2 protein chains.
Amino acid sequence: MVDAKPSRGVQRREALLQAATDVFLEQGYAATSIDAIIERAGGSKRNIYSEFGNKENLFTAIVAANAAKAVAALAIEEIDARDLRSTLTVFGHRLMDIYMSPSLLGVYRVIISESQRFPALVKKFYNQGPGRASARLAEVLEQARARGDIETADCVKAADHFVSMIRGNLHLQVLVGLRSPPRAKEVAEMVESVVELFLRGVTAR
Amino acid sequence: MVDAKPSRGVQRREALLQAATDVFLEQGYAATSIDAIIERAGGSKRNIYSEFGNKENLFTAIVAANAAKAVAALAIEEIDARDLRSTLTVFGHRLMDIYMSPSLLGVYRVIISESQRFPALVKKFYNQGPGRASARLAEVLEQARARGDIETADCVKAADHFVSMIRGNLHLQVLVGLRSPPRAKEVAEMVESVVELFLRGVTAR
DNA sequence: GTCTATATTGCGATAGAC
DNA sequence: GTCTATCGCAATATAGAC
């Protein structure tokens with residue numbers, strides 16, 4: 001799996017992408033200058049323009065890459081769906097980890113800020129991220145309903161509710177810098193609280 | 001209650017604030033030029049600088065004003081708390097209306113985009129908005145628990161869950177322009193779905 | 001390096017309030 | 001009529017894409 005030796009060109013490109021990621025996701029699109037990226041990556045501005053053409057291209061490239069990375073981390077297909085409580089708990093933890101990761105927080109910030117300017121980026125991000133997570137969870141819930149484990153009018157809505165509770169005010173607070181990301185203990189308590197409320201809310205009785 | 005006749009100075013100020021609100025909340029802080037505001041409000045740039053000093057002051061003024069307006073619309077103290085289901089339903093509808101109002105959506109966008117640049121604004125917004133809503137709902141839930149109507153380990157967390165479900169993916173989708181705000185019917189269905197899940201999740205049995 | 005965009009300021013002309 | 005807020009327009013200065 002390890003590529004033997006990246007060519008110098010590839011290395012340059014990676015370095016530029018990394019520097020761009022750091023600056024864009026922290027400062028936002030408008031506030032980021034090409035100079036700031038070069039300051040981090042070294043080299044010459046000329047380099048960025050020959051690699052990426054312009055600022056917008058560089059931006060969309062790094063956002064798409066980071067969003068894809070987050071999606072991969074969710075690995076939602078691999079979750080064992082036999083026991084609903086453990087399924088939801090594992091799923092909740094993965095979601096929470098992703099929501100609290102600095103890179104996805106950055107993606108959220110820029111996606112929200114620049115949604116008018118880059119609608120295509122928004123669509124891609126949503127469908128691969130929150131949309132896919134909700135859709136996959138809805139499938140799991142449908143199965144549980146078919147087994148008679150739960151009873152709920154609308155599995156799609158229920159999945160949305162679960163994902164929204166996991167995101168929660170915590171995500172918003174961290175997103176705007178009102179507080180630092182939670183420690184493992186707090187995460188566990190929050191996930192447990194969500195799973196508990198959710199399960200009681202949908203379980204057949 | 002009607003003030004007889006606003007002086008010319010006050011009228012000018014209002015017009016400037018309104019134009020600034022329109023442009024800032026749609027375009028964001030960085031993308032908004034003073035020229036664009038003047039184009040809308042008419043008059044001279046000089047005026048803005050003598051009224052507000054600089055762009056930052058104008059920005060914080062309009063954000064604070066719009067956030068305060070949303071808080072007032074929540075009118076959370078006036079909600080009758082005797083029957084929990086109707087309380088939650090009414091509360092849910094008010095929250096949803098506010099979350100879907102163009103001005104609060106704009107405030108969300110700029111607050112998230114400019115959180116690093118204006119941390120004080122963020123704090124004020126959060127404490128008066130989402131924070132206060134959650135806190136007030138937590139009080140209502142405490143009362144219900146004292147009456148034995150519900151049983152939940154942590155009313156503060158439960159309140160957070162409720163508010164987060166109401167906000168939900170819907171808010172995110174509208175926020176980033178992925179879809180238009182929901183019609184009354186869809187709102188009602190969503191609120192009902194949330195209330196149902198929540199009540200079943202916390203009701204004593 | 002070039003060129004555009006834009007925040008901020010200066011100042012004489014003008015229009016309402018009194 | 002005076003007086004003051006407002007206007008129109010130009011000038012300055014800086015930043016940043018390319």
Side-chain angles (χ1 to χ4, degrees), chain A residues 9 12-13 15-64 106 109-110 113-121, chain B residues 2-64 106 109-110 113-121:
Chain A
R12 271 315 291 143
R13 195 186 160 86
L16 288 174
L17 282 171
Q18 188 53 54
T21 298
D22 293 346
V23 186
F24 272 130
L25 295 194
E26 175 162 344
Q27 316 265 352
Y29 179 78
T32 295
S33 69
I34 303 290
D35 284 319
I37 296 171
I38 285 305
E39 209 168 293
R40 234 166 228 266
S44 132
K45 265 194 286 192
R46 203 55 238 166
N47 217 322
I48 286 196
Y49 287 102
S50 40
E51 272 295 333
F52 301 97
N54 59 33
K55 188 178 172 181
E56 290 197 1
N57 276 336
L58 178 55
F59 179 71
T60 55
I62 72 105
V63 173
R109 270 187 225 106
V110 298
S113 319
E114 306 298 330
S115 53
Q116 308 75 40
R117 200 199 293 254
F118 302 100
L121 205 55
Chain B
V2 178
D3 296 329
K5 190 188 287 187
S7 72
R8 192 160 64 109
V10 173
Q11 279 187 16
R12 261 339 270 137
R13 189 170 218 275
E14 294 300 324
L16 289 174
L17 283 172
Q18 188 53 56
T21 299
D22 293 345
V23 186
F24 272 131
L25 294 194
E26 175 161 343
Q27 316 267 353
Y29 179 79
T32 295
S33 70
I34 303 291
D35 284 317
I37 296 171
I38 284 306
E39 209 168 292
R40 234 165 226 266
S44 145
K45 264 190 290 190
R46 206 68 191 76
N47 213 332
I48 288 193
Y49 286 97
S50 33
E51 274 294 335
F52 301 98
N54 58 35
K55 188 178 171 182
E56 290 198 1
N57 275 335
L58 178 56
F59 179 71
T60 56
I62 71 104
V63 173
R109 271 186 224 106
V110 299
S113 319
E114 305 300 329
S115 52
Q116 339 21 217
R117 200 199 292 256
F118 302 101
L121 206 55

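Reminder, nothing fancy here: chain letters follow the sequence lines and each chain counts from 1. The structure displayed is predicted, hence computed values, not measured ones.
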Exercise. Reading nucleotides 7-15 of chain D 5' to 3', which nucleotides get B (base under 4.0 Å from a protein heavy atom), which S (sugar-phosphate only), which -?
Worked result: BB-------

Problem set entry | Members of residues 15-33 of chain B that approach DNA chain C, where some heavy atom sits under 4.0 Å away |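 Hits under 4.0 Å, by residue number: Thr32(B), Ser33(B).
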
For nucleotides 16-18 of chain C, print each protein N/O atom paired with a nucleotide N/O atom at under 3.5 Å, atom names and distance only.
none

Problem set entry | Arg46(B): side-chain hydrogen bond (donor to acceptor under 3.5 Å, both in side chains) partners, not counting sequence neighbours |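 Partners of Arg46(B) by the side-chain hydrogen bond (donor to acceptor under 3.5 Å, both in side chains) criterion come out as none, since no residue qualifies.
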
Exercise. Who are the side-chain hydrogen bond (donor to acceptor under 3.5 Å, both in side chains) partners of Gln18(A), not counting sequence neighbours?
Worked result: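 With neighbours one apart ignored, the set is Asp22(A).
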
Whole angstrom is fine here: how far is it from [atom1] in [X] over to [atom2] in [N]?
| X | N | atom1 | atom2 | value |
| --- | --- | --- | --- | --- |
| Ile34(B) | dT9(C) | CD1 | P | 11 Å |
| Gln11(B) | dT4(D) | CD | C1' | 17 Å |
| Ile38(B) | dT8(C) | CD1 | P | 13 Å |
| Arg13(B) | dT4(D) | CZ | P | 21 Å |

Exercise. Is any side-chain heavy atom of Thr60(A) less than 4.5 Å from a side-chain heavy atom of Phe52(A)?
Worked result: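 Side chain of Thr60(A) against side chain of Phe52(A), heavy atoms only: no contact under 4.5 Å found.
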
So which heavy atom on [X] is nearest to which on [Y], and how close?
| X | Y | result |
| --- | --- | --- |
| Ala41(B) | Ala15(B) | CB-O, 4.1 Å |
| Ala19(A) | Arg40(A) | CB-CB, 3.8 Å |
| Ala20(A) | Ile62(A) | CB-CG2, 4.0 Å |

Exercise. Please, which pairs that meet salt bridge (charged side-chain N to carboxylate O under 4.0 Å, His left out) have at least one residue in residues 51-63 of chain A, sequence neighbours excluded?
Worked result: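 Sorted result for residues 51-63 of chain A: Arg13(A)-Glu51(A).
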
Exercise. So which pairs with a foot in residues 23-39 of chain B pass side-chain hydrogen bond (donor to acceptor under 3.5 Å, both in side chains), sequence neighbours left out?
Worked result: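 Sorted result for residues 23-39 of chain B: Asp35(B)-Lys45(B).
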
Problem set entry | side chain to side chain contact (heavy atoms under 4.5 Å, CB included) involving Val110(A) - partner list, sequence neighbours excluded |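 Applying side chain to side chain contact (heavy atoms under 4.5 Å, CB included) to Val110(A) gives Leu25(A), Phe59(A), Val63(A).
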
Spacing of [X] atom [atom1] and [Y] atom [atom2] [to the nearest 0.5 Å]:
| X | Y | atom1 | atom2 | value |
| --- | --- | --- | --- | --- |
| Ile37(B) | Leu17(B) | CD1 | CG | 10.0 Å |
| Asn47(B) | Ile34(B) | CG | CD1 | 11.5 Å |
| Ile48(B) | Asn57(B) | CD1 | CG | 12.0 Å |

Problem set entry | Close approaches to DNA chain D from residues 54-62 of chain A, in residue order (heavy atom, under 4.0 Å) |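 Contacts with DNA chain D under 4.0 Å: Asn54(A), Lys55(A).
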
Problem set entry | End axis versus end axis in the helix from dG1(C)-dC18(D) to dC18(C)-dG1(D), the angle rounded to 10°, five pairs used at each terminus |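 The end-segment axes of the helix from dG1(C)-dC18(D) to dC18(C)-dG1(D) are tilted 20° relative to each other.
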
Exercise. Distance check: side-chain N/O of Tyr49(B) vs OP1/OP2 of dT8(C), anything under 4.0 Å?
Worked result: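 Yes, within the criterion.
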
